[in-house]
Amino acid sequence: MEFKEGLTFDDVLLVPKYSDITSRSQTDLTTKLSRNISINIPFVSANMDTVTESTMAVVMARAGGIGIIHRFLTIEEQAHEVLKVKRSGSIMIENPYSITSDKSVQDAIDYANDMEISGLLVVDSNSKLIGIITERDLLFADPKLRIEDIMTKDVVTAKFGVSLDESKEILHKHRIEKLPIIDDSGLIKGLITSKDITNNADFPNASKDKKGSPLVGAAVGVKGDFLERSESLLEAGADVLVVDIAHGHSENAMSTIRNIKKAFPNCELIAGNIATAQGAEDLIKAGVDAVKVGVGSGSICITRVITGSGVPQLTAVMDCAKVGKEYGIPIISDGGTRTSGDATKALASGASSVMIGSMLGGTDESPGTVLTKNGKRFKVYRGMASLAASIGRKSKETGLISLDDDLNDYVAEGVEAMVPYKGTVTDILKQLTGGVRSGLSYCGAHTITQMQENAEFIKMSRAGFAESQPHDVSLM
Ligand SMILES: NC(=O)C1=CN([C@@H]2O[C@H](COP(=O)(O)OP(=O)(O)OC[C@H]3O[C@@H](n4cnc5c(N)ncnc54)[C@H](O)[C@@H]3O)[C@@H](O)[C@H]2O)C=CC1
Ligand SMILES: O=c1[nH]c(=O)c2[nH+]cn([C@@H]3O[C@H](COP(=O)(O)O)[C@@H](O)[C@H]3O)c2[nH]1
Ligand SMILES: [K+]
């Protein structure tokens with residue numbers, strides 16, 4: 001039997017090429033996430049419960065990438081996370097939350113807290129706007145009063161179709177922060193807020209949908225509720241769904257893809273994970289709009305240790321990208337990215353974008369709290385097939401874990417770990433994108449596609465690898 005060689009990031013380097021680029025800003029990182037979705041930087045945050053919920057997804061989209069909300073939540077919770085992202089950045093919120101005037105102040109406080117918003121529109125029984133209550137109205141108000149008693153009745157509004165500049169003028173003139181948009185009969189068409197206007201100006205590179213809201217994706221599994229979950233996620237506004245299964249080159253994955261595409265033909269669909277050309281081709285033929293590549297490459301993955309299965313990540317991406325190119329379907333490299341150099345190599349070898357977990361795991365925007373150990377700060381980052389994650393899932397699905405459950409029955413394919421606390425994702429993405437921009441320049445390329453055409457990899461020896469690291473110095 002002949003052995004094929006499998007290589008990964010540390011086995012190779014990109015050979016420097018002549019470049020006419022004089023500044024990193026001359027490079028363009030725009031890329032395809034999937035057949036019909038473009039993003040402005042090639043980074044996707046992983047669908048893991050210690051990486052991506054709405055807070056992470058909002059920051060990823062603002063920076064120009066996208067976050068995929070993990071699936072280890074109830075359908076309602078996951079759809080709500082999607083909704084939170086969608087509502088975080090559009091210039092006009094389409095269905096602003098409202099309440100009727102007969103409810104109590106306490107009802108309004110509870111509702112605003114649940115929805116994590118700072119104000120509510122007040123409507124009559126015909127859904128016509130009759131008032132507004134904001135944080136300041138609710139502050140110190142007697143919780144037993146009716147909303148009618150404390151709401152502002154002469155609401156400043158604008159007609160549907162009002163321009164951004166006109167809205168700013170109205171908000172400034174009246175020194176207010178919320179501008180309900182109504183039609184001729186007084187029905188609410190939307191809400192423009194000062195915060196959303198500021199956000200829009202502050203994040204010019206943000207990835208947005210056609211209506212100007214941040215892009216967001218959400219993962220679904222292959223068992224049980226996936227159709228119902230898909231429907232709720234799409235209703236909440238998810239721009240793309242990701243079929244997430246450890247062994248994506250399986251009948252399980254294939255039938256899930258076919259079922260989702262049949263039920264929701266317009267749904268943009270990514271599926272994974274696979275690690276071979278045949279896997280990529282089969283998923284593409286089943287109807288996906290992008291293929292996620294990576295088996296056992298992740299920092300917390302022990303799939304290769306437990307099962308003996310996997311393909312070194314660079315080879316996996318190269319093999320799959322050849323097929324992706326034939327069919328015009330983008331490839332996402334998932335797992336094993338530790339540096340901007342790894343990301344550049346993944347892109348140069350044919351991936352259109354890179355999914356990252358551990359690099360984002362210890363940030364302010366990842367779920368979970370900061371722990372302190374020996375004076376250093378950490379956050380938990382765990383594999384979704386780790387024992388702890390599985391117990392978490394089971395107790396979520398069925399209530400508490402029963403004492404009869406034999407934990408030895410569960411074969412973990414991931415570990416639970418800690419990663420150093422790293423501050424905000426924004427800074428990490430600046431370093432990552434800066435490194436990739438430089439990487440493009442070393443390949444003599446202005447764009448990722450150009451880099452893929454120009455890229456020449458060279459295999460290196462262990463001595464070459466050692467030479468590539470800082471050496472013969474004491475690091476500060
Ligand atoms: N990218 C990677 O290398 C890996 C990722 N993971 C992550 O862990 C999480 C849990 O993954 P799953 O166990 O797939 O999800 P899951 O718990 O939803 O299982 C999906 C179905 O696939 C079956 N299944 C699992 N491994 C299989 C295999 N090797 N062959 C045939 N059927 C198999 C399960 O029994 C179940 O019926 C996911 O988020 C996944 O992305 C897990 C292992 C490897
Ligand atoms: O073998 C595995 N067991 C797991 O428990 C597990 N959880 C996540 N993943 C995968 O790892 C990716 C993140 O990898 P990094 O931390 O290297 O960025 C993720 O995006 C996943 O593809 C797992 N793989
Ligand atoms: K690994």
Side-chain angles (χ1 to χ4, degrees), residues 29 33 39-73 77-78 81-82 84-85 88-89 116 199 202-203 205-207 214-219 242 244 294 297-301 332-344 346 353-384 386 388-389 392 414-437:
L29 295 186
L33 170 76
I39 47 179
N40 298 325
I41 62 169
F43 292 106
V44 183
S45 66
N47 44 286
M48 299 171 70
D49 69 357
T50 48
V51 181
T52 311
E53 288 178 358
S54 54
T55 313
M56 176 68 71
V58 167
V59 184
M60 288 301 296
R62 284 181 179 167
I66 188 170
I68 311 295
I69 308 287
H70 71 89
R71 65 183 167 94
F72 305 100
L73 296 165
E77 287 168 342
Q78 195 185 7
E81 291 300 305
V82 168
K84 277 202 278 186
V85 182
S88 72
E116 295 172 43
N199 281 343
D202 287 349
F203 306 105
N205 203 35
S207 358
L215 288 183
V216 61
V242 177
D244 165 47
S297 49
S299 58
I300 35 53
C301 295
I332 302 164
S333 172
D334 176 20
T337 306
R338 303 149 305 171
T339 59
S340 49
D342 289 348
T344 310
S353 65
V354 179
M355 177 172 267
I356 39 182
S358 73
M359 290 191 82
L360 304 177
T363 57
D364 291 328
E365 293 83 354
S366 66
T369 49
V370 177
L371 313 168
T372 305
K373 190 180 169 191
N374 299 333
K376 294 208 172 94
R377 294 195 286 171
F378 297 89
K379 280 185 97 164
V380 168
Y381 174 58
R382 64 185 188 187
M384 292 319 308
S386 65
V415 295
E416 192 181 16
M418 290 191 311
V419 285
Y421 169 70
K422 310 185 190 88
T424 168
V425 165
T426 313
D427 292 341
I428 291 172
L429 289 178
K430 270 186 205 149
Q431 290 297 317
L432 264 176
T433 50
V436 172
R437 284 184 193 278

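Numbering starts at 1 and runs along the sequence shown.
- Rounded to the nearest 0.5 angstrom, T424 OG1 and K430 NZ are separated by 8.0 Å.
- Without hydrogens or angle criteria, S207 side chain to L215 main chain gives no donor-acceptor distance under 3.5 Å.
- From Y381, atom OH reaches atom OG of S299 across 4.0 Å, with rounding to the nearest 0.5 Å.
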Exercise. What's the verdict on side chain to side chain contact (heavy atoms under 4.5 Å, CB included) for T52 and N47, showing C-alpha distance, side-chain angles and the deciding distance?
Worked result: CA-CA 6 Å; T52 311; N47 44 286; 5.9 Å; no

For this session: Could you walk me through whether F43 and T433 pass the side chain to side chain contact (heavy atoms under 4.5 Å, CB included) test, one step at a time?
Result: CA-CA 9 Å; F43 292 106; T433 50; 4.0 Å; yes

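- Within the 3.5 Å criterion, the main-chain N or O of S366 finds a donor-acceptor partner in the side chain of K379.
- Residues F72 and D244 have side chains in contact (heavy-atom distance under 4.5 Å, counting atoms from C-beta outward).
- V436 and A343 get closest at one heavy-atom pair: CG2-CB, 4.2 Å.
- Looking only at distances, no side-chain donor or acceptor of N205 sits under 3.5 Å from a matching main-chain atom of G64.
- Side chain of Q431 to main chain of S340: no donor-acceptor pair is present (N/O by atom type, distance under 3.5 Å, no hydrogens or angles).
- Shortest non-hydrogen contact noted between G65 and I39 is O-CG2, 4.1 Å.
- Contact record, I300 with A417: CG2-CB, 4.2 Å, taken as the closest heavy-atom pair.
- In this structure, G357 and V51 approach most closely via the heavy-atom pair O-CG2, 3.9 Å.
- S386 places none of its side-chain heavy atoms less than 4.5 Å from the side chain of V415.
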Problem set entry | Check against side chain to side chain contact (heavy atoms under 4.5 Å, CB included), R338 and M359 | CA-CA 7 Å; R338 303 149 305 171; M359 290 191 82; 5.6 Å; no

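- Formation of a donor-acceptor pair under 3.5 Å by the S353 side chain with backbone atoms of P42 is not found in this model.
- Note that CE of M355 and OG of S297 are 11.5 Å apart. Values are rounded to the nearest 0.5 Å.
- Rounded to the nearest 0.5 Å, atoms OG1 (T426) and CG (D364) are 9.0 Å apart.
- To the nearest 0.5 Å, atoms OG (S45) and CD1 (I69) are separated by 7.5 Å.
- Between K376 atom NZ and M418 atom CE the span is 10.5 Å, to the nearest 0.5 Å.
- Side-chain contact between V425 and M60 is present, with heavy atoms from C-beta onward closer than 4.5 Å.
- The two residues L360 and K422 come nearest to each other via the heavy atoms N-NZ, 4.4 Å.
- Put simply, the side chain of N40 gets close to the backbone of A206: a donor and an acceptor are under 3.5 Å apart.
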Exercise. Under the side chain to side chain contact (heavy atoms under 4.5 Å, CB included) criterion, do D49 and M384 qualify, and how do the steps go?
Worked result: CA-CA 7 Å; D49 69 357; M384 292 319 308; 3.4 Å; yes

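- Shortest non-hydrogen contact noted between I68 and V44 is CG1-CG1, 3.7 Å.
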